[in-house]
Asker: 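Pasting in a structure now, in structure tokens, and then I'll have a few things to ask.
Throughout, a chain's letter reflects where its sequence line sits, starting with A, and its residues are numbered from 1.
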Protein chains: 2
Amino acid sequence: MTSTLGYALLNLIACESQTGYDLSRTLQERISFFWQAKHSQIYPELARLESAGYITHEVVRQSDKPDKKIYTITDAGLAALRAWVVAPLKMQPARDELLVKTAAIWQADPAAAAALFRDHERQHAEQLAVYEGIRATMEEKWQGSERRRDQPWFGSYLTLMRGIGYEREYRDWCRWAAEMIEA
Amino acid sequence: MTSTLGYALLNLIACESQTGYDLSRTLQERISFFWQAKHSQIYPELARLESAGYITHEVVRQSDKPDKKIYTITDAGLAALRAWVVAPLKMQPARDELLVKTAAIWQADPAAAAALFRDHERQHAEQLAVYEGIRATMEEKWQGSERRRDQPWFGSYLTLMRGIGYEREYRDWCRWAAEMIEA
DNA sequence: ATTCCATATGTCATGATATACATACGTAAA
DNA sequence: TTTACGTATGTATATCATGACATATGGAAT
């Protein structure tokens, strides 16, 4: 019944109690590679999670800013999250519009096609640089500290490394594709 | 107005006139890595493409099988396809449920978590083997023949190589993640 | 005879997602 | 003083995508 987004939110709330607004920023900017959502999807999902008994909220009144709702995970929510995390999952086919264009590239002007791939090579190189920066910060923070797999950052590190591998491969492929067209 | 799926279909029809049923099989099984669709999405999309003047159809009566509609691309359809192919496109953020589970892996039992990644390592290795097989067939076919970038298979080859790179990187990452958990 | 399968085309209900609309507070800049 | 911005929470609409439902043909298997 609970969607993938629901579990993504549940995990973030399990890491730290927070508001829908906080979750919204996290799922648009931060280490939420591989899943995104707008606030218009998050607020209704939080309502569903709460009616399912997975989270509760308390209203915090603020003087300088509008009131906010801080959500906290319940025992039932934690149990649901733990069951879902290790539940088998089929390989999810990827969806990528650039690859659809690539399939139709025989119809394109070669110069324009090469430019398209050069542009994406740059975009993925930039994203890779962002991820590498986060990686450096993370590994610096861990100097001398014990690295445990039952801490929230463990999953973040794994996903970050997947992001790095993904962007590096994508960048290299874009470069190769551009070279194939230019040749 | 036309969706990504619409252009994907337009390209397949530009390669070869065919029926909705043929397109359906292509978009579920064949070299349509990175985009998929069920027939329930394809038939309405074909109707939209036809009402937009991008394709036409002729009914072919068959004695042993039900009648079929063979779709052919129009000049307007080809023009629309050519304009779309090289139109700039922003990097599309990926969506992958396994990575959402990975982010929440600190909540998982280590043995079950490792099994999850080992399972996906196997799945991606299998898909990689399928792609490598197609690659071998493709390259064998080209022995001695001229390779031109204005032929339909050129795009297929580029997407295939992206598929290979994607699956290889994913497999390696799954293995690494499993090792990180087992350590 | 009945069932099952591949071919062939469609609709419908549901859920997921994106964009735009909508309101409200307080501060800072123009 | 009006405008814009960041915070904060929601709704409404349209589109995209999946799974189920629906029908029909002819051949092959049970």
Asker: Using the side chain to side chain donor-acceptor pair (under 3.5 Å) criterion, which residues pair with Trp35(B)? Sequence neighbours excluded.
Answerer: none

Asker: Name the closest nucleotide to the Lys38(A) side chain, picking from dC16(D), dT19(C), dT9(C).
Answerer: dT19(C)

Asker: Might you work through the salt bridge (Lys or Arg N to Asp or Glu O under 4.0 Å) test for Glu126(B) and Arg122(B), ending with a clear yes or no?
Answerer: CA-CA 6 Å; Glu126(B) 281 172 13; Arg122(B) 183 188 51 76; 2.9 Å; yes

Asker: Rounded off to whole Å, could you give me the OH-to-C1' distance for the Tyr43(A) and dT17(C) pair?
Answerer: 17 Å

Asker: In whole angstrom, what separates Gln41(A)'s CD from dA20(C)'s P?
Answerer: 16 Å

Asker: Mapping Ile70(B) and Trp35(A) to their closest nucleotides on DNA chain C, which lands nearer the 5' end?
Answerer: Ile70(B)

Asker: What's the NZ-C1' distance between Lys69(B) and dG10(C), to the nearest Å?
Answerer: 9 Å

Asker: Tell me, with the steps shown, if Glu50(A) and Lys69(A) meet salt bridge (Lys or Arg N to Asp or Glu O under 4.0 Å).
Answerer: CA-CA 12 Å; Glu50(A) 188 160 41; Lys69(A) 294 182 181 176; over 6 Å; no

Asker: Can you tell me if the side-chain N/O atoms of Gln62(A) get under 4.0 Å from OP1 or OP2 in dC25(C)?
Answerer: no

Asker: Leu46(B) CG to dA8(C) P: how many Å, rounded?
Answerer: 14 Å

Asker: Would you indicate what Ser3(B) reaches in the nucleic acid, counting non-hydrogen atoms under 4.0 angstrom: base, sugar-phosphate, or nothing?
Answerer: sugar-phosphate

Asker: How many Å lie between CD1 on Ile42(A) and P on dT19(C), as a whole number?
Answerer: 14 Å

Asker: Given dT9(D), is OP1 or OP2 found less than 4.0 Å from the side-chain N or O atoms of Tyr21(A)?
Answerer: no

Asker: Within the 4.0 Å heavy-atom criterion, would you say Thr19(B) contacts the bases, only the backbone, or no part of the nucleic acid?
Answerer: sugar-phosphate

Asker: How many whole angstroms separate atom CZ of Arg48(A) from atom P of dT17(C)?
Answerer: 10 Å

Asker: Side chain of His39(B): nearest nucleotide among dG10(C), dT7(D), dT7(C)?
Answerer: dG10(C)

Asker: What is the separation between atom CD on Glu45(B) and atom C1' on dT9(C), rounded to the nearest whole Å?
Answerer: 16 Å

Asker: Reckon Lys65(B) has a side-chain N or O less than 4.0 Å from the OP1 or OP2 of dA24(D)?
Answerer: no

Asker: Ignoring backbone atoms, test whether Arg95(A) places a side-chain nitrogen or oxygen under 4.0 Å from the OP1 or OP2 oxygen of dT18(D).
Answerer: yes

Asker: Rounded to whole angstroms, how far apart are CG on Leu9(A) and P on dT17(C)?
Answerer: 11 Å

Asker: For the atom pair CG (Leu46(B)) and OH (Tyr43(B)), what is the distance rounded to the nearest 0.5 Å?
Answerer: 8.0 Å

Asker: Closest to the Pro66(A) side chain: dG10(D), dA17(D), dC25(C)?
Answerer: dC25(C)

Asker: By the 4.0 Å heavy-atom rule, please label Arg61(A) as base, sugar-phosphate, or nothing.
Answerer: nothing

Asker: Do Tyr166(A) and Asp96(B) get their side chains close enough for a donor-acceptor pair, meaning under 3.5 Å?
Answerer: no

Asker: OP1, OP2 of dG6(D) versus side-chain N and O of Arg25(A): anything below 4.0 Å?
Answerer: no

Asker: Before we go on, tell me: are the rings of Phe117(A) and Trp173(A) under 6.0 Å apart, centre to centre?
Answerer: yes

Asker: Under the 3.5 Å rule, do the base of dG19(D) and the side chain of Ser40(B) count as making a donor-acceptor pair?
Answerer: yes

